[in-house]
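Each ligand, and each atom within it, is numbered from 1 in the order the structure gives. These values consider heavy atoms only, across backbone and side chains, with no hydrogens, waters or symmetry-generated copies.
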Amino acid sequence: MMSKQIIRTLMVETPSIPGNLGKVATTIGLTGGDIGEIQTVKVGPNYTIRNITVQVDHEEQIEELADALSRLDGGIRLHAVSDEVLHAHEGGKIHMKSKVDLQTLADLRRVYTPGVANVCRIIEKEPDKAKIYTSIGNSVAIVTDGTAILGLGDIGPVAGMPVMEGKAVLFDQLAGINGIPILLNTKDPDEIVRTVMNISPGYSGILLEDIGSPHCFEVEERLKKELDIPVMHDDQHGTAVVTLAATISACKSAGIDLKNAQVGQIGLGAAGLAISRMLMAYGVKDVFGADKSPDAKARLANYGGHPVDSIEMLMNTCDIVIATTGVPGLIQKQWVRPGQVILALSNPKPEIEPEVALQAGAAYAADGRSVNNVLGFPGIFRGVLNAQSSEITHPMLVAAAETIAACTKPGDLVPHPLDLNVHKMVTEAVERVAVQVNRKAEYTCSI
Ligand SMILES: NC(=O)c1ccc[n+]([C@@H]2O[C@H](COP(=O)([O-])OP(=O)(O)OC[C@H]3O[C@@H](n4cnc5c(N)ncnc54)[C@H](O)[C@@H]3O)[C@@H](O)[C@H]2O)c1
Ligand SMILES: O=C(O)C[C@H](O)C(=O)O
Ligand SMILES: [Mg+2]
């Protein structure tokens with residue numbers, strides 16, 4: 001079974017005779033399609049037209065499906081096949097909008113010149129006032145060099161823009177933050193650091209996204225040192241937060257003692273190394289790691305993890321296995337041990353489909369669509385922006401993970417990604433820790 005990435009909408013007309021919609025559904029099922037939403041477009045005197053969303057593995061299945069539907073008798077007609085995903089991206093997914101009215105000359109003078117000059121002067125005298133009189137206090141740059149776009153690899157920053165726009169949509173709708181994509185035409189760490197430093201005055205946070213390893217480690221570390229605004233590489237720490245949350249939930253449901261469990265991490269790049277570090281910092285004693293790169297394994301050993309040479313061996317010994325390699329189907333079903341927890345987190349396709357892992361005996365299994373850093377980064381940044389914090393610290397990340405785990409329904413691994421209450425709870429948890437950090441800093445400064 002595959003992850004059915006191709007999504008199409010079929011506009012189908014059926015005469016109003018019981019059983020016709022059933023025939024359509026059966027035809028879709030027989031060609032291997034999964035039915036998603038069904039929306040009634042028009043109810044006629046003796047017919048109904050519906051948009052049916054279908055997910056399939058391959059493009060050719062859509063053609064087979066269209067053929068099969070056109071062969072159905074009794075007046076069933078396929079009117080159109082449309083690509084809603086592509087359609088949703090037409091013209092881009094984001095748009096910079098003004099918050100003020102511009103109807104009259106008075107408006108013009110107020111929001112622009114000459115009124116604006118006085119606001120500039122105020123900020124010149126007291127730069128902190130920019131947080132009050134501009135959007136800077138609520139803006140985060142989403143920075144990519146395009147070197148590790150999802151699991152698609154080094155496809156360049158422009159091809160990665162749909163992902164960056166997606167992150168901006170999530171920032172806006174889940175946390176009310178202006179997320180602004182910044183595409184870098186360089187992969188050189190020195191240039192990345194210099195460029196981000198040079199643009200940083202316009203932002204109150206930097207989200208590094210889909211920057212490949214190992215240069216992502218150096219870039220993040222240097223930017224954290226140089227800048228006095230929060231910097232976070234989402235693929236590292238956002239992913240680690242959500243994975244820790246899913247692991248806590250799985251252990252609770254499966255009765256596994258996380259700290260004494262054997263945890264295996266396959267793929268020790270940006271996501272995998274950060275997940276391993278997070279789990280070890282949380283108290284997990286044994287984290288084993290596999291990667292095709294000896295350097296990646298050496299990095300794990302430096303942080304106290306145990307590198308192993310074979311994925312099969314890791315599968316054979318670990319209670320919890322997490323994979324972030326970007327290689328679909330890497331985990332074979334015969335390697336799955338009964339009762340194991342398997343988080344195959346690569347996007348767009350996992351190392352093993354959750355259904356396959358569960359059929360093979362896994363107690364809990366999930367992929368990167370559900371265990372996804374979308375549950376972490378919006379609330380983490382909202383929390384630090386609210387607290388006007390200059391950094392994102394490890395205790396803030398742990399607070400976020402524990403909050404996500406606490407919001408998870410029994411039997412699930414993580415909450416629904418669009419549950420606004422979860423993002424609010426993450427925000428509050430991070431803000432609480434951030435405020436404590438700020439207070440401590442004030443106290444330290446004053447003594
Ligand atoms: N679900 C989520 O929230 C989430 C978040 C971040 C990343 N991811 C996914 O994780 C994957 C990796 O992302 P990343 O940013 O860590 O990339 P990366 O390039 O930094 O890391 C990938 C690592 O996998 C290793 N690897 C590749 N093929 C391998 C194989 N056959 N056997 C063993 N190791 C192998 C590479 O050597 C590298 O160290 C991507 O598919 C990405 O979509 C998911
Ligand atoms: O973008 C996502 O869906 C998650 C993650 O950042 C990834 O790179 O896969
Ligand atoms: Mg990413």
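- Distances between N or O atoms of Ser293 and those of ligand 1 include no value under 3.5 Å.
- Within the set Ile311, Asn373, Val327, Asn372, the minimum heavy-atom distance to atom 32 (N) of ligand 1 is found for Ile311.
- Each of the following atoms of ligand 1 lies closer than 4.0 Å to a heavy atom of Gly368: 1 (N).
- Here the rule is side chain to side chain contact (heavy atoms under 4.5 Å, CB included) with Glu165, and of Ile142, Ile94, Leu170 only Ile94 fits it.
- Of all N/O/S atoms in Glu209, OE2 sits nearest the Mg ion (ligand 3).
- We find that Lys424 and Glu428 are joined by a salt bridge, their nearest charged nitrogen and carboxylate oxygen being less than 4.0 Å apart.
- Of all protein heavy atoms, the one closest to atom 22 (C) of ligand 1 is Thr324 O, 3.8 Å.
- In this structure, atom 3 (O) of ligand 2 lies nearest to the protein heavy atom Asn372 ND2, 3.0 Å.
- In terms of polar-atom proximity, Val371 is counted as a contact of ligand 1, with an N or O under 3.5 Å from an N or O of the ligand.
- Residue Gly269 approaches ligand 1 through these ligand atoms, each under 4.0 Å from one of its heavy atoms: 16 (O), 20 (O), 21 (O), 23 (C), 39 (O).
- Considering only non-hydrogen protein atoms, atom 9 (O) of ligand 2 sits nearest to Asn347 ND2, 3.0 Å.
- Close approach of ligand 1 to Gly267 (heavy-atom distance below 4.0 Å) involves ligand atoms 24 (O).
- By the 30° and 60° cut-offs, the orientation of the rings of Phe381 relative to Phe171 is perpendicular.
- Residue-to-ligand polar distances place Asp210 within reach of ligand 2: an N/O pair is separated by less than 3.5 Å.
- Residue Gly212 places no N or O, backbone or side chain, under 3.5 Å from any N or O of ligand 1.
- Residue contacts with ligand 1: Ala271 is placed with a nitrogen or oxygen under 3.5 Å of a nitrogen or oxygen of the ligand (distance criterion only).
- In summary, the atoms of ligand 1 found under 4.0 Å from a heavy atom of Gly326, numbered by their order in the structure, are 11 (C), 41 (O).
- Taking 4.0 Å as the cut-off, Arg369 does not count as a neighbour of ligand 2 on heavy-atom distance.
- Neither the backbone nor the side chain of Ile149 has a heavy atom within less than 4.0 Å of ligand 2.
- Given atom 11 (C) of ligand 1, the protein heavy atom at minimum distance is Ser346 OG, 3.5 Å.
- In terms of polar-atom proximity, defined here as any N/O pair under 3.5 Å, Asp235 makes no such contact with ligand 1.
- Asp210 lies close to the Mg ion (ligand 3), since one of its N, O or S atoms is found at a distance under 2.8 Å.
- The nearest heavy-atom contact from the protein to atom 5 (C) of ligand 2 is Asn373 ND2, 3.5 Å.
- Salt bridge annotation for Arg8-Asp83: present, with a cationic side-chain nitrogen under 4.0 angstrom from a carboxylate oxygen.
- At the top of the distance list for atom 18 (P) of ligand 1, counting protein heavy atoms only, stands Ser213 OG, 3.6 Å.
- No more than 12 heavy-atom neighbours from other residues, nucleotides or ligands sit within 6.0 angstrom of CE on Met425.
- In this structure, atom 36 (C) of ligand 1 lies nearest to the protein heavy atom Asp291 OD1, 3.5 Å.
- Geometrically, ligand 1 and Ala270 share a nitrogen or oxygen pair separated by less than 3.5 Å.
- Using a cut-off of 4.0 Å between Lys/Arg side-chain N and Asp/Glu carboxylate O, Lys349 and Asp367 are scored as not salt-bridged.
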